[in-house]
Amino acid sequence: MDFETFFAKTPATLDEIRTRVAYALERHPLCRSVQFDIVSMPRTARGNWTISLRSVAPDALWEASDIVADIQEVYDLAVAA
């Protein structure tokens, strides 16, 4: 089994990532009012995008961060054609 293929991230557009993060945050009761921006970054070992969280209640900070981290593990920002 090729582990690189198994652990490869799925390419997604900026809109797809934004939609997935919004839906994931909306499903958690503490994170429904969290606002965020997606920040494109130079490619690193951890990926090529991150989330800037805004308007996060103190009791929702850890949950929102965990949700974003889970999504970052799976999706890679697709290179624009």
Side-chain angles (χ1 to χ4, degrees):
M1 173 181 258
D2 184 9
F3 285 109
E4 287 182 18
T5 303
F6 184 72
F7 290 109
K9 293 184 179 187
T10 304
T13 66
L14 193 59
D15 287 336
E16 290 170 334
I17 293 172
R18 184 178 294 115
T19 300
R20 292 177 192 281
V21 170
Y23 284 147
L25 291 173
E26 186 64 31
R27 283 192 301 264
H28 195 289
L30 294 175
C31 300
R32 290 188 177 139
S33 63
V34 172
Q35 297 176 2
F36 66 94
D37 292 317
I38 298 176
V39 181
S40 178
M41 301 171 35
R43 181 169 295 286
T44 65
R46 298 202 67 201
N48 62 345
W49 63 276
T50 191
I51 296 286
S52 172
L53 296 172
R54 296 180 283 126
S55 303
V56 182
D59 58 344
L61 183 59
W62 288 109
E63 287 80 4
S65 296
D66 285 345
I67 289 169
V68 169
D70 289 345
I71 295 171
Q72 284 176 313
E73 288 180 13
V74 179
Y75 294 101
D76 204 8
L77 186 60
V79 178

Review point. Is it true that Trp62 and Val56 fall in one hydrophobic cluster, defined by side-chain heavy atoms closer than 4.5 Å?
Key: no
Check your understanding: So how far is it from Gln35 CD to Leu25 CG, rounded to the nearest 0.5 Å?
Key -> 11.0 Å
Practice item. For the pair Lys9 (side chain) and Leu77 (backbone), establish whether a donor and an acceptor sit closer than 3.5 Å, ignoring hydrogens and angles. Key: no
**Study point:** Side chains of Ile51 and Ile38 in contact at under 4.5 Å (non-hydrogen atoms)
**Key:** yes
Return a table of donor-acceptor pairs under 3.5 angstrom between the side chains of residues 27-34 and protein atoms on other chains or two or more places apart.
{"residue": "His28", "atom": "ND1", "partner": "Leu30", "partner atom": "N", "Å": "3.1"}
{"residue": "Arg32", "atom": "NE", "partner": "Glu26", "partner atom": "O", "Å": "2.8"}

Exercise for review: Mind checking the CH2-CD1 spacing from Trp49 to Ile71? Nearest 0.5 Å is all I need.
Suggested key: 6.0 Å
**Study point:** Closest heavy-atom pair and its distance - Glu16, Pro11
**Key:** OE1-O, 4.4 Å
**Study point:** Rounded distance (nearest 0.5 Å) linking atom CG of Asp37 with atom OG1 of Thr50
**Key:** 11.0 Å
Point to revise | Atom pair OG1/OH of Thr13 and Tyr75 - distance to nearest 0.5 Å | key: 11.0 Å
